[in-house]
Amino acid sequence: MKAKATLKQIAKELGVSVSTVSKALNDSPEISEQTKVKIKEYAKLKNYKPNVIGLNLKNRKTKTIGVIIPNILNSFFAKVFSGIEKVADKKGYNVITCISNESLEKEIHTLEMLSNGTIDGFILSVSEEAQKLQDYNHFSAIINDGTPIVMFDRIADEVECDKVVVDDFDSALNSTQHLINLGCKNIALISSVDNLSVGKLRADGYLKALKDNNIPVNEKIILRTDSEDDMKAKIDAIFDNKVDAIFALDENDSVAALRVSLKKGFKVPEDISIIGFADGILASRRLSPSLTTVSQHGIEIGEVAAKKLIERLEEPEGETSDYETIIIKTKLKERESTRKA
């Protein structure tokens, strides 16, 4: 997607004031016809379009936030949305929620559809396809048009905006270290999110823990895939090796690890200890034994993201604070799938 020019950019490149550009584009009699023609032609060349959102922010805020989540079935995103809605309601904002279904095309369409004066700003988690293709131009274009974005969980480092994340690397390192402290030596890694930024960070944390404890990396017990189907098709091979623990990087991975362990006759946690990045109802209440999990504090992430966006929306005109990346600390919730220290 080609980024649209802003009034500021046009003014700078033509050596005139922003006010002159604005007046020329609005046919103000204060500007000469020659200057109007010059500015209008240049604006057209540079793909300039009137910024309705920008006008809203200055004159008539819609008091509406757009939320784009990649997957409605993921309990983590449901918790984040709950946090967003709680803060938005308290601050007098409405929320419009859309689902990208992990599609870059749908993500782009949703941003464009809502960026017509419908909303004041976005809170979103990047789609799987956008991360896989490393295509983030649509976010930059929206921000350049004057619409603020707060990214959470899955973010794009290349895009300058506010971000709210959990300490994926450190929490994975600490979780793996916890298994090592329990006496586990052959710790398998199971991931169906290796194409996502969070998946890569968690895998790196696992590998760092092995290195810190002088435990050789065994590729036979490391399963890094890009989909749940691929993970389920290959997970059985992990158990052909003498694993005594599993670290799973997503809720689906965690549930699969537990179910396959039990199916193959392993006792959990006596034979195999399991820790997963999962904190939905399924992991904590509906599985037996219940899973030890890394709690991602979804509700808190949503609350922080909403507060940050509203703060930016309500900044006094002419004041723009620096972008911020806020890190939420995770917590290991010990349940029945790990041995006691």
Side-chain angles (χ1 to χ4, degrees), residues 1-14 18 21-22 25-26 39-62 64-70 84 95-165 196-197 305-306 308-313 315 317 320-325:
M1 175 184 284
K2 183 179 179 182
K4 301 170 187 174
T6 64
L7 290 177
K8 188 174 181 180
Q9 290 168 339
I10 294 171
K12 182 179 179 181
E13 292 177 23
L14 292 180
V18 173
V21 174
S22 179
L25 294 174
N26 287 286
I39 290 174
K40 286 181 179 180
E41 288 182 351
Y42 191 81
K44 185 177 181 180
L45 179 68
K46 292 296 181 179
N47 195 34
Y48 173 80
K49 292 181 182 177
N51 185 1
V52 178
I53 290 294
L55 294 174
N56 282 343
L57 293 175
K58 292 180 181 179
N59 304 319
R60 53 172 189 83
K61 289 185 179 179
T62 66
T64 302
I65 294 169
V67 178
I68 305 176
I69 59 176
I84 292 171
V95 178
I96 294 177
T97 309
C98 296
I99 304 155
S100 68
N101 280 331
E102 307 290 8
S103 163
L104 173 61
E105 181 180 357
K106 190 164 186 180
E107 190 171 69
I108 291 172
H109 174 72
T110 302
L111 284 167
E112 291 179 342
M113 177 183 67
L114 295 180
S115 295
N116 61 357
T118 303
I119 56 94
D120 294 337
F122 288 101
I123 299 172
L124 59 86
S125 189
V126 180
S127 68
E128 177 184 340
E129 190 175 11
Q131 288 208 319
K132 186 175 181 179
L133 297 175
Q134 297 284 291
D135 187 343
Y136 307 126
N137 291 333
H138 48 302
F139 300 126
S140 299
I142 294 296
I143 294 167
N144 289 339
D145 264 1
T147 306
I149 289 176
V150 175
M151 292 182 175
F152 71 90
D153 190 47
R154 305 182 201 169
I155 62 171
D157 290 332
E158 297 87 339
V159 179
E160 292 187 3
C161 65
D162 295 305
K163 293 155 187 169
V164 183
V165 296
L196 302 178
S197 55
K308 188 64 193 175
L309 179 62
I310 293 171
E311 283 176 9
R312 191 163 290 283
L313 290 172
E315 285 178 333
E317 188 176 343
T320 304
S321 57
D322 293 336
Y323 291 126
E324 185 178 6
T325 296

TODO: For the pair Asp162 (side chain) and Glu324 (backbone), establish whether a donor and an acceptor sit closer than 3.5 Å, ignoring hydrogens and angles.
DONE: yes
Open item on the list: Looking at every non-hydrogen atom in both residues, tell me the closest pair between Thr110 and Cys98 and how far apart they are.
Closed with: CG2-CB, 3.5 Å
- [ ] Indicate the atoms forming the closest heavy-atom contact of Tyr323 with Glu160, along with that distance.
- [x] CE1-O, 3.4 Å
- [ ] Check Ile143 against Cys161 and note the closest heavy-atom contact, atom names and distance.
- [x] CD1-CB, 3.8 Å
- [ ] Say whether Ser127 and Glu107, considering side chains only, have a donor N or O and an acceptor N or O under 3.5 Å apart.
- [x] yes
Open item on the list: Any non-hydrogen side-chain atom of Gln134 less than 4.5 Å from a side-chain atom of Glu158?
Closed with: yes
Task: Evaluation steps, side-chain contact (heavy atoms from CB on, under 4.5 Å), between Ser125 and Ile69 - done: CA-CA 6 Å; Ser125 189; Ile69 59 176; 5.7 Å; no
TODO: Compare all side-chain heavy atoms of Ile65 with those of Ile96 and state whether any distance is below 4.5 angstrom.
DONE: no
Task: Gln131 side chain to Ile155 backbone, donor-acceptor under 3.5 Å - done: yes
- [ ] Would you mind reporting whether Leu124 and Val150 have side-chain heavy atoms less than 4.5 Å apart?
- [x] no
Task: Carboxylate-amine/guanidinium proximity below 4.0 Å for Glu13 and Lys8 - done: no
Open item on the list: Between Ser321 and Glu315, do the side chains contain a donor N or O and an acceptor N or O under 3.5 Å apart?
Closed with: yes
Open item on the list: As a quick check of understanding, evaluate side-chain contact (heavy atoms from CB on, under 4.5 Å) for Phe122 and Ile142, giving each step before the final call.
Closed with: CA-CA 10 Å; Phe122 288 101; Ile142 294 296; 4.0 Å; yes
- [ ] Heavy atoms only: give me the nearest Leu25-Ala43 pair and the separation to one decimal.
- [x] CD2-CB, 4.0 Å
Task: Non-hydrogen side-chain atoms of Leu14 and Ile39 separated by less than 4.5 Å - done: yes
Task: Minimum side-chain heavy-atom gap Glu129-Glu102 below 4.5 Å - done: no
Open item on the list: Taking the side chain as everything from C-beta on, heavy atoms only, tell me whether Glu128 gets closer than 4.5 Å to Leu104.
Closed with: no
Open item on the list: Side chains of Asp120 and Thr62: any donor to acceptor distance under 3.5 Å?
Closed with: yes
Open item on the list: If you compare all heavy atoms of Ile99 against all heavy atoms of Pro70, which two are closest, and at what distance to 0.1 Å?
Closed with: CG2-O, 4.0 Å
